[in-house]
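Only one structure is covered here, and it is reproduced in the block below.
Letters A, B, ... are given to chains in the order of the sequence lines, protein chains preceding strands, and every chain is numbered from 1.
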Amino acid sequence: MAEKNYNFKEIERKWQKKWEEKGIFRAKEGAKKKFYVLDMFPYPSGAGLHMGHAFVFSLGDIFARFKRLQGFNVLYPIGYDSLGLPAENAAITAGIRPEDYTKNSIANFMKQQKAMGWSYDWSRTFKTSDSSYYKWDQWIFLKMLEKGLAYRKKSSVNWCPKCRTVLANEQVVGGKCWRHEDTNVEIKYLEQWFFKITEYADELLSGLDKVYWSQRAKIMQKNWIGKSEGTEILFEVEGEKWPIFTTRPDTIFGVTFMVISCQHPRLFELVKEKQKKDAEKFLKKIKSVSEKEMGEVEKEGVFTGSYAINPINKEKIPIYAGNFVVADYGSGMVMAVPAHDQRDFEFAKKYKLPIKQVISGENVKEKAYAGAGILINSGEFNGLSSDEAKQHVTKALEFKKLGRKKVQYKLRDWLISRQRYWGTPIPVVYCEKCGIVPIPEKELPIKLPEHVKFGKGNPLETNEKWINTKCPKCKGKARRETDTMDTFANSSWYYLRYTDPKNKKRIFDTKKANYWAPIDQYIGGPEHITAHLIYIRFYAKFLRDLGLLKFDEPVLKYFTQGIVHASNGEKMSKSKGNVIEPLDTINKYGTDSLRLALVSSASPDKNTNWDENIVLGSYKFLNNFYNYFSSFNPGKKDARVESKVNSFVREITEDIENFQYNLAVIKIRQLFSFFQEKGADKLSAEIMLKLLYPFCPHITEELWQKFGNKSFLSLQKWPEADEKKINEQFEKEEKVIDDIINDINNVVRIIKDKGKNVSKVYIYSLPNELKLYESYSDAIEKRTGLSAKVYAVNAKDKYDPENKSKKVKPGKPGIYLE
RNA sequence: GCGGAUGUGCCGGAGCGGUCAAACGGGACAGACUCAAAAUCUGUUGGCUUAGUGCCUACAAAGGUUCGAAUCCUUUCAUCCGCACCA
């Protein structure tokens, strides 16, 4: 008989409405222990929600609902990271104003978000493109400026020709733009605004010990920050001292040449007249090489004609320009020790430069020896170990004021200028008399002008009226800064604004912020580890130093979710036409089914391929679930059922806590099957609803009500496992039953293969096991399709034509089939 | 090149020293119910064998530790992801 399909549409709409009306998910500061769950806020694109959104936000929602039931005061907000390029590009290609584009996109997003049933506190939502939000971006900028952490500098910067703006280091991925995988980043020399994130480099590194992130995430950040300890040594070149950085001062007697980066801004100060032509030719060649695909580029260089003096032994050594020295790390120049550094070795071989071994160990004929050892050929340092020599050499240099200990980072200062319109205007003016002048706090926000021309260059430069202003200091003529801030600035503190989103007087109330923050559980993609997650930590430390925050680390736990691909494993994308819209799936199966499906097939941190069958499977399960519980007749308490329930409560709780939703779902299904087989008492049934609730909140809320409960399931308490009720003996008994069913089916197959028919099974059990088999006889009948009869072996009236009861052993009853 | 992760049956994926030919889901196949089913239920799904048995081959490959390994160790191979000349 066909079961009725449950009316998910009606149920889901009903509960979404009720939750909203009653403000079930509103968060209020209080005495309860707080828990801050946060999904990274989305960029509201015109395309609407995609399956990846549906997936990642469901992960957060499940966790938030779970934590609420566990009794925490949960803050689970959402907003829109609405400043950014797509809105501006829509303005260029479709002639839509960025404000309108954003507004429409958000309306569309919201509709879909609500249909997904995510339990946000909607009263706290905001978008970053509101001047009431970006005003505080500007305020932070002014504070940075005040503290000397915002500065302008001319330097080589990354430029994306498609975005037509500069990019931060963190936005360059493998030499390409983060938004344009096919576009090589170009190097330009420009004067730009920077935030001095390197000021916090050390703390950004050490703070990683305080957070509970995956090993992988920590290592990635650690490498990105890239701390190395070494010595800065001054080499004299024609009377001027040039610093270089090395981690191997112990090899200083092995220096046989120097290499300056061919992109070094002061390179031509070193190039002699005689070598100028060669140098220029070389630079041209290098440039054409770097435009080719990446890959192993041979180390190449050219002699500059200049010589440096080795400060330790006064040797005169030639300076080369080379393509393998990074211009903006250290000082852009290195001392080359070919005997003990593989790169220098290769370079020396190519240009036939001397190789001088100064550390004993392996010989250095074929390749450099980069390990430690005992110093040789090193004057008074001979006989020292590498480690000792590092200290001694550095000390000797310090004594002569020609060197010092130094810590060097790979992390660069954060380039925040963008030459685009749809971002936060940087609140400074350029005054003819006073130079760069910050705009006073009380004049914030500096709003984006409505009328600009899109197309070429920075649109802000097209509104003269907006640009021309007065200097706040001297009231003379001044021009506004037309650069806007990187969108990553907007997202570096948004989590704090949620704690006090409507505050007009301050960036946020510090009491509120310090109550809710830091984020206890953050959820987002792996790609944010070396960008957003560094910036958000930097901002937190800065705001702490302003006295606004009482914690050091803004993100205590970080979960990186996987990506949902199309069914063939390709990326879902419009151009490939393989995008599945969450709304379509919801219309077909309901959001509870979709949510369940998204988390049931694989561990949430793994990439998965979309498979509609899984949604269908979830839908079938929920139908069964609904039909079972909507006509539920509670049974008596049964130790067996209670044991199962409690052991599953324990495990499922742990699984959800660890984001192993897939395992939790499997156990929920198993428990439900058990109920179908054995029945359940009322309490067990209610626990079942709670266990499924975080995943499928609508259907469980509905059933909760059907059970006669007046209050919301959303406000109940998460079940706790009663260890005393867990009895492992039951598990063993179940295994015995499974075994006998398997045996019966096996024999049935054999008999059928022989062409005979079977319809009945007789079971002969030891007297002390009789009850067990009797209690399972229904299940045996169901799963074998036979009518079953259970006898004790010693029963006088038993039907046993082949005397199978003789074979009986404990845990293994006799069976006869006919 | 360096660093990290992974490798299980037709597929997705559990298991992480014995109770494992391996949970759960999907697919496929068979049967039941039906006029009929894409619906529901039951079973089968490594091979051979068998009235509930026994054996063989199996958890990327090869070795090793152990009374015993999918699970621990070593090496190799493959895939994925980060950093890629950071001195």
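Q670(A) comes within 4.0 angstrom of the backbone, heavy atoms only, and of no base. Using a 4.0 Å heavy-atom distance criterion, S228(A) is classed as a sugar-phosphate-only contact. L817(A) comes within 4.0 angstrom of a base, heavy atoms only.
We find that R412(A) and E170(A) are not joined by a salt bridge, their nearest charged nitrogen and carboxylate oxygen being 4.0 Å or further apart. The existence of a salt bridge linking R404(A) and E232(A) is confirmed by a sub-4.0 Å separation between a basic side-chain nitrogen and an acidic carboxylate oxygen.
Comparing N323(A) and S601(A) by the nucleotide of RNA chain B that holds the closest heavy atom to each, the one mapping nearer the 5' end is S601(A). Of the residues near RNA chain B, Y816(A) and Q660(A), the one whose nearest nucleotide (by heavy atom distance) lies more toward the 5' end is Q660(A).
Using a 3.5 Å distance cut-off with no hydrogens or angles, the side chains of R179(A) and Q171(A) do not pair a donor with an acceptor.
Phosphate proximity of rG27(B) to N613(A): present, with a side-chain N or O under 4.0 Å from OP1 or OP2. The side chain of K620(A) places an N or O atom within less than 4.0 Å of a non-bridging phosphate oxygen (OP1 or OP2) of rU40(B). For rC41(B), the OP1/OP2 oxygens have a side-chain nitrogen or oxygen of N624(A) closer than 4.0 Å. Phosphate proximity of rG12(B) to T608(A): absent, as no side-chain N or O sits under 4.0 Å from OP1 or OP2.
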Atom pairs and distances, side-chain donor-acceptor, residues 670-678 of chain A, under 3.5 Å, sequence neighbours left out:
{"residue": "S673(A)", "atom": "OG", "partner": "R669(A)", "partner atom": "O", "Å": "3.0"}

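Per the geometry, CD belonging to Q676(A) stands 12 Å off P belonging to rU40(B), to the nearest Å.
Here the side chain of I666(A) is nearest to one of rA23(B), rC81(B), rC83(B), namely rA23(B). The side chain of D611(A) lies closest to rG26(B) when the candidates are rA14(B), rA87(B), rG26(B). In this structure, the nucleotide among rG52(B), rG4(B), rA87(B) sitting nearest to the side chain of R216(A) is rG4(B). Checked against rA84(B), rC85(B), rU53(B), the side chain of K299(A) finds its nearest nucleotide in rC85(B).
Pairs of Watson-Crick or G-U wobble type, with distances under 3.5 Å, assemble into runs of 3 or more in RNA chain B at these ranges: B:1-7 with B:77-83, B:10-12 with B:24-26, B:27-32 with B:40-45, B:46-48 with B:54-56, B:60-64 with B:72-76.
Taking the six-membered ring for Trp and the full ring otherwise, F347(A) and Y320(A) have centroids separated by under 6.0 Å.
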